[in-house]
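Reviewing the structure listed below.
Order of the sequence lines fixes the chain letters, A, B, ..., with proteins taken first and strands second; residue numbering starts at 1 for each chain. Both backbone and side-chain heavy atoms feed into the values below; hydrogens, waters and symmetry mates do not.
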Amino acid sequence: MAEEKLTPRSENYSEWYNQVVLRADLADYAPVRGCMVVKPYGWALWENMQKELDRRFKETGHVNAAFPMLIPKSFFEKEKEHVEGFAPELAVVTIGGGQELDEPLVIRPTSETVIGYMYSKWIKSYRDLPVLINQWANVVRWEMRTKLFLRTLEFYWQEGHTAHSSAEEAQEETIRMLNVYADFAIKEAAVPVIRGVKSETEKFAGAVNTYSIEAMMGDTKALQAGTSHNLGQNFAKAFDIKYLDQNNTQQYCWTTSWGLSTRFIGAIIMTHGDDNGLILPPRLAPYQIVIVPIYKNDTERSSVMEAVEKVQKQLTQFRVKLDDRTEVTPGFKYNEWELKGVPLRLEIGPKDVEKGSVMAARRDMPGKASKSFMLQENLAPQVQTMLETIQASMLQRATDFRDSNIHEANSYDELKDIIQNGWAESWWCGSAECEAKIKEETKATTRCMPFDQPQVKKEKCVYCGAEAVKKIYFSKAY
RNA sequence: CGGGGUGUAGCGCAGUUGGUAGCGCACCGCGUUUGGGACGCGGGGGUCCGCGGUUCGAGUCCGCGCACCCCGACCA
């Protein structure tokens with residue numbers, strides 16, 4: 001399995017990423033180009049992410065449902081911007097049961113259309129609002145260039161779709177869910193994210209406004225890690241989602257949609273991973289703890305395993321893996337579990353049996369510094385504290401890394417320099433032309449306009465020098 | 001869709017002037033090992049990407065396909 005060292009990140013970041021995904025057993029390539037198989041270890045991580053997200057959705061009043069994967073092609077023509085945005089990447093079914101279909105069916109790339117259609121049937125009165133539904137689903141987008149987790153033809157995600165009786169309420173919902181994503185990213189994944197508004201060109205096809213959480217990866221490129229869209233009345237008008245208000249007048253609904261996908265697994269990998277492999281945040285890791293027993297002979301083995309059993313019994317509240325394989329050495333196991341990113345390793349050998357100790361090695365620190373002794377007695381609280389420490393220090397390290405790679409660009413030359421290895425924070429006039437020029441000339445795109453904007457006082461656009469309206473981040477992105 | 005690259009054992013690769021396929025790792029068995037990627041001995045595993053051609057003979061030469069990977073334009 002893990003027979004060689006990984007390609008170091010500094011040598012080839014992309015190669016490092018691919019190797020980590022494959023060798024940590026998160027995923028594998030599928031027979032169809034651009035498709036992937038999420039393997040049990042990767043899916044276990046996704047399940048933990050789902051659990052934390054789903055809990056937050058429920059807490060904010062949402063319920064889950066399931067909508068069909070096949071959508072009539074004509075649905076995509078009802079919203080002008082939506083069709084323009086998605087037409088090039090639709091997978092279309094034209095034959096069913098051996099017969100050419102009267103109307104081709106699109107495999108959903110996202111479900112605003114079919115859900116909008118259903119909402120128009122379900123919503124009659126202001127009393128029916130708001131409708132707050134989420135679905136966990138897979139979707140298909142025929143991407144040109146794919147990469148494991150970050151961009152595959154098929155991916156797994158959740159998509160929330162809500163309908164409201166006022167613009168204000170829809171806007172509140174849009175921001176509420178963006179905040180849910182940010183809270184999840186920071187608290188559970190230890191991925192520090194910046195919340196903000198997307199530019200006109202970067203927004204979702206058919207939205208009035210798109211908000212995103214943006215994360216910085218280990219190579220300083222940006223990753224859009226989750227999005228929340230205020231759809232205004234665009235889809236309501238396209239799909240005739242109307243209700244009677246208190247005054248017996250027909251009104252169009254105001255809708256939102258928001259999504260976070262398995263792409264976020266890529267964010268976790270690239271935010272925390274090092275040259276030894278994955279580093280998973282304790283709150284999401286499939287295994288929080290791996291126990292490696294060490295012994296030389298049967299006598300040692302029985303006393304060590306007895307101690308291991310006692311330790312295990314104390315740790316039932318955690319996700320624990322006992323690696324009792326006999327065919328590989330402890331050293332091999334250390335490397336393998338480090339590759340797989342398990343946050344805490346407990347080694348138990350003859351010396352520990354003697355001293356009533358366990359050797360604890362934290363994954364987020366290198367070499368000798370990672371190791372410390374714990375007492376077997378009353379182990380659970382020690383482990384609990386350690387896991388919390390690891391979680392906190394991972395967030396701190398990622399935040400420090402991000403902040404030290406964001407720089408203010410006061411001129412276009414500075415911007416060009418900064419985006420070679422970081423994010424540039426600049427004043428921008430708001431014009432799509434400047435944005436396009438910068439993208440063309442530097443490969444850097446606008447990420448988002450952060451919420452906490454400084455006061456504009458006669459600032460100049462970093463590109464054209466005209467009067468600036470917003471501070472915005474520019475960077476290379478995935 | 002443009003540019004580049006690669007298709008030979010599960011993975012990574014070698015294969016000479018064309019002569020009937022090999023190495024490392026992984027895998028299986030036995031034994032010795034086990035506190036930072038153990039070792040010895042034995043073993044199993046191949047439509048050489050596909051189709052067609054040249055030839056007594058093709059992994060190797062020629063033609064046509066196909067697939068995948070990497071880099072661009074597009075995107076979560």
Side-chain angles (χ1 to χ4, degrees), chain A residues 1-6 12 14-15 17-19 22-23 28-35 84-90 109-110 139-159 181 198 201-205 210 212-215 222-229 257-267 276-277 292-298 300-301 304 323-339 345-355 357-359 361 366-368 370-371 373 436 439-440 443 445 477-478:
Chain A
M1 183 179 286
E3 67 285 352
E4 281 166 34
K5 285 220 180 309
L6 290 167
N12 184 341
S14 176
E15 184 56 27
Y17 175 83
N18 285 334
Q19 288 181 3
L22 295 172
R23 285 170 51 177
D28 199 357
Y29 291 104
V32 176
R33 175 195 78 87
C35 291
E84 281 171 11
F86 280 100
E89 52 189 56
L90 295 181
T110 178
V139 291
V140 169
R141 298 181 188 179
W142 217 263
E143 302 290 351
M144 294 302 170
R145 253 191 87 202
T146 59
K147 195 172 178 69
L148 294 166
F149 286 116
L150 297 183
R151 193 174 300 104
T152 45
L153 294 201
E154 180 187 18
F155 60 91
Y156 300 87
W157 73 346
Q158 58 67 219
E159 44 178 328
Y181 288 154
K198 286 293 200 183
T201 33
E202 295 283 332
K203 77 175 191 195
F204 177 76
T210 289
S212 71
I213 51 171
E214 299 284 333
L223 184 78
Q224 181 174 302
T227 46
S228 187
H229 316 292
S257 69
W258 27 277
L260 185 146
S261 76
T262 39
R263 173 180 238 211
F264 200 96
I265 292 174
N276 293 322
V292 179
I294 295 152
Y295 47 79
K296 286 191 174 54
N297 50 51
D298 281 353
E300 284 185 1
R301 184 189 141 82
V304 164
D323 189 350
D324 56 1
R325 287 177 297 175
T326 52
E327 67 272 22
V328 288
T329 60
F332 182 91
K333 293 177 185 178
Y334 298 167
N335 284 288
E336 182 169 292
W337 291 111
E338 280 169 13
L339 173 63
R345 181 178 73 240
L346 301 179
E347 305 166 16
I348 303 177
K351 291 178 213 163
D352 301 294
V353 172
E354 207 178 297
K355 294 190 287 189
S357 61
V358 302
M359 174 70 94
K368 280 249 165 68
S370 69
K371 294 205 176 188
F373 280 105
K439 182 175 176 182
E440 193 185 315
K443 306 268 197 310
T445 52
Y478 281 100

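- Residue A:Trp157 places its CH2 atom among more than 12 non-hydrogen atoms of other residues, nucleotides or ligands, all under 6.0 Å distant.
- Among the heavy atoms of the strands, none lies under 4.0 Å from A:Lys333.
- Atom CD of A:Glu143 and atom C1' of B:C74 are 7 Å apart (whole Å).
- Nucleic acid contact for A:Leu223: none, since no nucleic acid atom lies under 4.0 Å from a heavy atom of the residue.
- In this structure, the side chain of A:Arg141 engages the main chain of A:Pro109 through a donor-acceptor pair within 3.5 Å.
- When atom types are taken as modelled, the side chain of A:Asn335 and the backbone of A:Phe332 share no donor-acceptor pair closer than 3.5 angstrom.
- At a cut-off of 3.5 angstrom, counting only N and O atoms as typed in the model, there is a donor on one side and an acceptor on the other between the side-chain of A:Lys371 and the base of B:G36.
- Applying the Watson-Crick and G-U wobble criteria (two distances, each under 3.5 Å), B:C66 pairs with B:G7.
- Scanning for ring pair (Phe, Tyr, Trp, His ring centres under 6.0 Å) contacts around A:Phe264 gives A:Phe184, with sequence neighbours left out.
- Checked against ring pair (Phe, Tyr, Trp, His ring centres under 6.0 Å), A:Tyr334 has no partners two or more places apart in sequence or in another chain.
- Both distances falling under 3.5 Å, in either a Watson-Crick or a G-U wobble arrangement, place B:C41 opposite B:G29.
- Atom C1' of nucleotide B:G37 and atom OH of A:Tyr334 are separated by 12 Å, given to the nearest angstrom.
- Across all strands shown, A:Ser370 has no heavy atoms under 4.0 Å from either base or sugar-phosphate atoms.
- Whole-Å rounding puts the A:Lys203 NZ to B:C75 P distance at 14 Å.
- Judged by Watson-Crick or G-U wobble contacts below 3.5 Å, the nucleotide B:U54 has no partner.
- Contacts of A:Thr227 with the nucleic acid, taken as non-hydrogen atoms under 4.0 Å apart, are absent.
- For A:Gln19 and B:C25, the CD to P distance is 19 Å, given to the nearest whole Å.
- One can place CG of A:Leu339 at 15 Å from C1' of B:G36, the figure rounded to the nearest angstrom.
- Atom pair A:Leu6:CG and B:G37:C1' shows a separation of 12 Å (rounding to whole Å applied).
- Nucleotide B:C75 is matched to nothing when pairs are restricted to Watson-Crick or G-U wobble geometry with both distances under 3.5 angstrom.
- In this view, A:Lys333 and A:Asp323 satisfy the salt bridge (Lys or Arg N to Asp or Glu O under 4.0 Å) rule, not counting sequence neighbours.
- Residues forming a salt bridge (Lys or Arg N to Asp or Glu O under 4.0 Å) with A:Lys371 (at least two apart in sequence, or on another chain): A:Glu347.
- The residue A:Gln224 sits close only to the backbone: its heavy atoms come under 4.0 Å of sugar-phosphate atoms, none of a base.
- Residues passing the side-chain hydrogen bond (donor to acceptor under 3.5 Å, both in side chains) test with A:Ser370, sequence neighbours excluded: none.
- Each of A:Phe373 and A:Phe149 was assigned the nucleotide of RNA chain B with the nearest heavy atom; the assignment lying further toward the 5' end belongs to A:Phe373.
- For the C1' atoms, the distance from B:C13 to B:G52 is 29 Å, rounded to whole Å.
- B:A73 sits 9 Å from B:G2 when the C1' atoms are compared, rounded to a whole Å.
- The same atom, C1', is picked in B:G53 and in B:C11; the two are 34 Å apart, to the nearest Å.
- Separation of the C1' atoms belonging to B:U54 and B:C64 is 15 Å when rounded to the nearest angstrom.
- Between the P atoms of B:A14 and B:G57, the separation comes to 29 Å (whole Å).
- Considering only residues two or more places apart in sequence or on other chains, A:Arg301 meets the side-chain hydrogen bond (donor to acceptor under 3.5 Å, both in side chains) condition with A:Tyr295.
- B:G35 is unpaired under the criterion used here, namely a Watson-Crick or G-U wobble arrangement in which both key atom distances are under 3.5 Å.
- Comparing A:Glu338 and A:Tyr478 by the nucleotide of RNA chain B whose heavy atom lies nearest to each, the residue mapping closer to the 5' end is A:Glu338.
- Every residue two or more places apart in sequence or in another chain that forms a side-chain hydrogen bond (donor to acceptor under 3.5 Å, both in side chains) with A:Ser212 is listed here: A:Glu214.
- Of the P atoms belonging to B:G44 and B:G37, the separation is 32 Å, rounded to the nearest Å.
- To the nearest whole angstrom, the two P atoms, one in B:C25 and one in B:A21, are 23 Å apart.
- Residue contacts for A:Pro350: at a heavy-atom cut-off of 4.0 Å it reaches a base atom on one of the strands shown.
- Among the atoms of the strands shown, base atoms are found under 4.0 Å from some heavy atom of A:Arg345.
- Aromatic ring pairs are classed by plane angle as parallel below 30°, tilted from 30° to 60° and perpendicular above 60°; the pair A:Trp258 and A:Tyr181 is perpendicular.
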Give every pair of a protein N or O atom and an N or O atom of nucleotides 28-34 of chain B that lie under 3.5 Å apart, one pair per line with the distance.
residue	atom	partner	partner atom	Å
B:U34	O2'	A:Tyr295	O	3.3

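- Comparing B:G72 with B:G36, their C1' atoms sit 42 Å apart, to the nearest whole Å.
- To the nearest angstrom, P of B:G35 lies 17 Å from CD of A:Glu354.
- Whole-Å rounding puts the A:Arg23 CZ to B:C25 P distance at 15 Å.
- A heavy-atom distance below 4.5 Å is found between the side chains of A:Thr110 and A:Phe86.
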Which pairs, protein N/O on one side and nucleotides 69-73 of chain B N/O on the other, fall under 3.5 Å?
residue	atom	partner	partner atom	Å
B:C70	OP1	A:Asn18	ND2	3.3
B:C71	OP2	A:Arg145	NH2	2.1
B:G72	OP2	A:Arg145	NH1	3.1

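- Shown here, B:C13 forms a base pair with B:G22; the pair counts as Watson-Crick or G-U wobble because both key distances fall under 3.5 Å.
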